[in-house]
Amino acid sequence: MRLTDHEKAMLDGSEGPAVAAAMDLLVRYGEALDAGGLCDIRNVAGTMTQPSPAKAKLVAEGGWDKAFAVINLDSDADLDIPDMRIPTCQLQQGFGSDADGVAPYPRQFVELQEDAESFYGRKGVNILATCTPYQVGNLPVRGEHVAWMESSAVIYANSVLGARTNCEGTASTGAASLTGKIPCWGNHLPENRYGTHLIDVEVPVRDFLDWGMLGYFAGDLVQEERPVITGDIGIPELADLKHFGAAAASSGGVELYHIPGITPEAATPGDAFGARPVSEAVGYGPRERRRMYETLNSQGNKSDVDFILLGCPHASIDQVCRAAKALEGRQLNSGTQLWMMVPRALKAIADRSGYTEIIESAGGKLLADSCPAMSRSAPEGTTVFATDSAKQAHYLPAILGIEAWFGTLEDCVNAAITGRWTGELR
Ligand code: F3S
């Protein structure tokens with residue numbers, strides 16, 4: 001792999017052993033991928049603070065420097081970890097102490113995470129603690145090379161923002177944060193950003209539920225390639241695109257899509273496909289829509305619902321407002337809990353706007369930092385849950401061994417109030 005003089009010097013230790021270890025990792029990673037060189041990046045979204053038993057053991061043995069070296073740099077050396085070289089943020093992590101008594105989450109993990117936040121905060125890691133860093137000010141510009149983890153964030157960065165990232169891992173983002181470099185391959189290269197499949201939408205797709213089902217269809221169809229969406233789609237809002245991308249990255253491994261006239265890299269289907277011919281369209285009509293709804297509800301049997309989960313990916317402030325309006329003046333069924341996940345920075349806005357009070361007066365909870373899938377934690381005794389998120393309906397049954405219902409915000413709120421699932425496709 002081609003390296004600049006500065007990169008070679010970093011690899012040779014000119015900026016200290018930790019930076020050399022980071023460069024060594026990036027060179028090994030880049031060579032394995034056959035990358036021609038490294039990209040300069042200006043933004044990392046990774047994970048340093050998320051607690052785990054392995055991390056607790058490393059911290060007990062050698063402190064946070066040791067934990068970062070092993071987990072985030074794949075190095076057994078004793079390293080002093082310097083400050084982050086470029087803006088770096090922490091994605092979602094475990095629950096914090098304000099979820100004590102709500103989420104059954106180990107106290108020692110809460111304490112380990114608080115300790116991690118204080119170490120990494122001083123190193124220059126912005127503790128955003130959300131899977132949606134783009135909702136709270138971490139916004140790369142079009143064409144910017146970045147190194148992000150978290151599939152729902154990666155697809156948003158590539159497609160909606162027009163930034164360039166592959167779906168990175170814990171170690172590659174750790175090395176990127178100390179060097180400002182990442183192997184230049186995959187989505188960093190313009191020739192890999194063109195569409196591969198055209199999907200023509202033949203039923204009106206106008207709301208959050210429909211955008212999630214369309215994303216689930218697109219991911220299932222193209223797997224790891226790049227769908228281009230045209231047809232009867234109106235103008236999606238941020239939450240719709242967030243849901244679409246998370247769903248497409250769940251049923252497939254989509255990291256980039258184009259909606260000509262909406263997303264920034266393609267004004268027309270021709271732009272989206274570049275020099276390639278526009279592919280023959282695959283239709284998304286009423287039959288496909290119903291099939292997606294049935295697939296997403298295929299893991300629900302019992303109509304008694306214990307738990308409602310909203311906010312996957314973490315909710316926008318508009319979604320929190322809508323949930324508050326739907327719950328205002330109502331009371332949750334005594335056997336049903338409702339959690340809505342939100343970035344902590346937006347929770348502060350929800351608190352000030354009175355939304356938190358409305359949701360909590362109804363018996364629900366607005367929780368930050370994490371989610372049941374990430375923390376493997378749901379209300380005690382949950383056997384059936386309902387959600388408005390295609391991603392959670394896809395993953396949580398396997399992660400927690402529970403049944404899932406998928407529907408609209410209104411279906412979910414009705415289930416929270418009555419304790420019974422009555423959702424249906426309208
Ligand atoms: Fe975020 Fe958890 Fe969903 S990390 S994307 S809320 S599975």
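In each ligand, atom 1 is the first atom listed, and ligand 1 is the first ligand listed.
Interatomic distance, H258 NE2 to R226 CZ, rounded to the nearest 0.5 Å: 7.5 Å. Here CG of L396 is found 4.5 Å from CZ of F385. Values are rounded to the nearest 0.5 Å. C131 SG to Q135 CD: the interatomic distance, rounded to the nearest 0.5 Å, is 8.0 Å.
A donor-acceptor pair is defined here as one N or O able to donate and one able to accept, closer than 3.5 Å; such a pair exists between the side chain of D306 and the backbone of T383. Under a 3.5 Å cut-off, the side chain of K55 and the backbone N or O of Q50 do form a donor-acceptor pair.
The ligand atoms of ligand 1 that sit less than 4.0 angstrom from a heavy atom of E150 are 5 (S).
Inspection of the environment of atom 3 (Fe) of ligand 1 yields the following protein N, O or S atoms under 2.8 Å: C312 SG.
Considering only heavy atoms from C-beta on, N158 comes within 4.5 Å of T165 through its side chain.
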